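One structure is given here, and the rest of the page talks about it.
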Amino acid sequence: QVQLVESGGGLVQPGGSLRLSCAASGSIFKINAMGWFRQAPGKERELVAAISDGGKTNYADSVKGRFTCSRDNAKNTVYLQMNSLKPEDTAVYYCYALIQTLGSNSYLMNYWGEGTLVTVSS
């Protein structure tokens, strides 16, 4: 089984920064795209950032210029550097990875982390 383990969430003041990490482990042959969704209470889950296996990124308009998504393929890890945080960024952040597992006739499937809470408040 594949697991994604997140870390780095917490409480931060407006204007502050946090760095989220998400490491994939298990029977992994190849990781394709990775990235982050978030969900605030009463809101739908939205894509925050995505990064392809080639390093191409895209971001939600609301975080563009403030957040940076990166990855370390040797560690099977994706990061989200969050700067200039706003109260509106408060949400549970979920990482995801599109993964091809080991074994014959394997195909790409999406896997999710369990979420880490980011609270932006003074």
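Just so you know, these numbers come straight off a predicted model, no measurement behind them.
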Under a 3.5 Å distance rule, please check whether [X] uses its side chain to pair with a backbone N or O of [Y] as donor and acceptor.
{"X": "Glu6", "Y": "Thr116", "answer": "yes"}
{"X": "Gln81", "Y": "Arg19", "answer": "no"}
{"X": "Thr90", "Y": "Thr119", "answer": "no"}

Stepwise side chain to side chain contact (heavy atoms under 4.5 Å, CB included) check, Leu47 with Asn58: CA-CA 10 Å; Leu47 178 66; Asn58 64 274; 3.9 Å; yes
Of the non-hydrogen atoms in [X] and [Y], which two are nearest, and what is the gap between them?
{"X": "Leu4", "Y": "Ala24", "result": "CD2-CB, 3.1 Å"}
{"X": "Ala97", "Y": "Ile31", "result": "CB-CG2, 4.2 Å"}
{"X": "Ala40", "Y": "Ala91", "result": "N-CB, 3.9 Å"}
{"X": "Leu20", "Y": "Met82", "result": "CG-CE, 3.8 Å"}
{"X": "Met34", "Y": "Asn76", "result": "CE-O, 4.0 Å"}
{"X": "Leu18", "Y": "Leu85", "result": "N-CD1, 3.9 Å"}

Polar contact flag, side-chain donor to acceptor under 3.5 angstrom, Thr77-Asp72: no
Between Ser106 and Thr101, is any side-chain donor less than 3.5 angstrom from a side-chain acceptor? yes
Is Lys56 atom NZ crowded by more than 12 heavy atoms from other residues, nucleotides or ligands, each under 6.0 Å away? no
Would you say Gln100 has more than 12 foreign heavy atoms packed within less than 6.0 Å of its CD? yes
Listed once per pair and sorted, the ring pair (Phe, Tyr, Trp, His ring centres under 6.0 Å) pairs that draw on residues 50-84, sequence neighbours left out: none
Separation between [atom1] of [X] and [atom2] of [Y], rounded to the nearest 0.5 Å:
{"X": "Lys75", "Y": "Ser25", "atom1": "NZ", "atom2": "OG", "result": "13.5 Å"}
{"X": "Leu11", "Y": "Leu117", "atom1": "CG", "atom2": "CG", "result": "9.0 Å"}
{"X": "Tyr111", "Y": "Ile99", "atom1": "OH", "atom2": "CD1", "result": "6.5 Å"}
{"X": "Ser17", "Y": "Asn83", "atom1": "OG", "atom2": "CG", "result": "3.5 Å"}
{"X": "Cys22", "Y": "Gln3", "atom1": "SG", "atom2": "CD", "result": "11.0 Å"}

With the side chain counted from C-beta on, respond yes when Glu114 and Val5 share a heavy-atom pair under 4.5 Å apart, and no when they do not. no
Pairs in or reaching into residues 87-105: which pass salt bridge (charged side-chain N to carboxylate O under 4.0 Å, His left out), with residues at least two apart or in two chains? Arg38-Asp89, Arg66-Asp89
Are Trp36 and Leu98 connected, step by step, through hydrophobic side chains (Ile, Leu, Val, Met, Phe, Trp, Tyr) whose heavy atoms are closer than 4.5 Å? no
Tell me whether Ile51 shares a hydrophobic cluster with Met109, the cluster being built from Ile, Leu, Val, Met, Phe, Trp, Tyr side chains joined at under 4.5 Å. yes
Chi angles and distances behind the side chain to side chain contact (heavy atoms under 4.5 Å, CB included) call for Leu80, Val78: CA-CA 7 Å; Leu80 187 66; Val78 62; over 6 Å; no
Test log, rule side chain to side chain contact (heavy atoms under 4.5 Å, CB included), inputs Ile28 and Leu102: CA-CA 6 Å; Ile28 298 171; Leu102 296 170; over 6 Å; no
Not counting sequence neighbours, which residues clear side-chain contact (heavy atoms from CB on, under 4.5 Å) with Ser122? List them please. Pro14
Decide ring pair (Phe, Tyr, Trp, His ring centres under 6.0 Å) for Trp112 and Tyr96; before the verdict, give the C-alpha distance in whole Å, the side-chain angles of both, and the deciding distance to 0.1 Å. CA-CA 4 Å; Trp112 294 91; Tyr96 73 89; 5.8 Å; yes
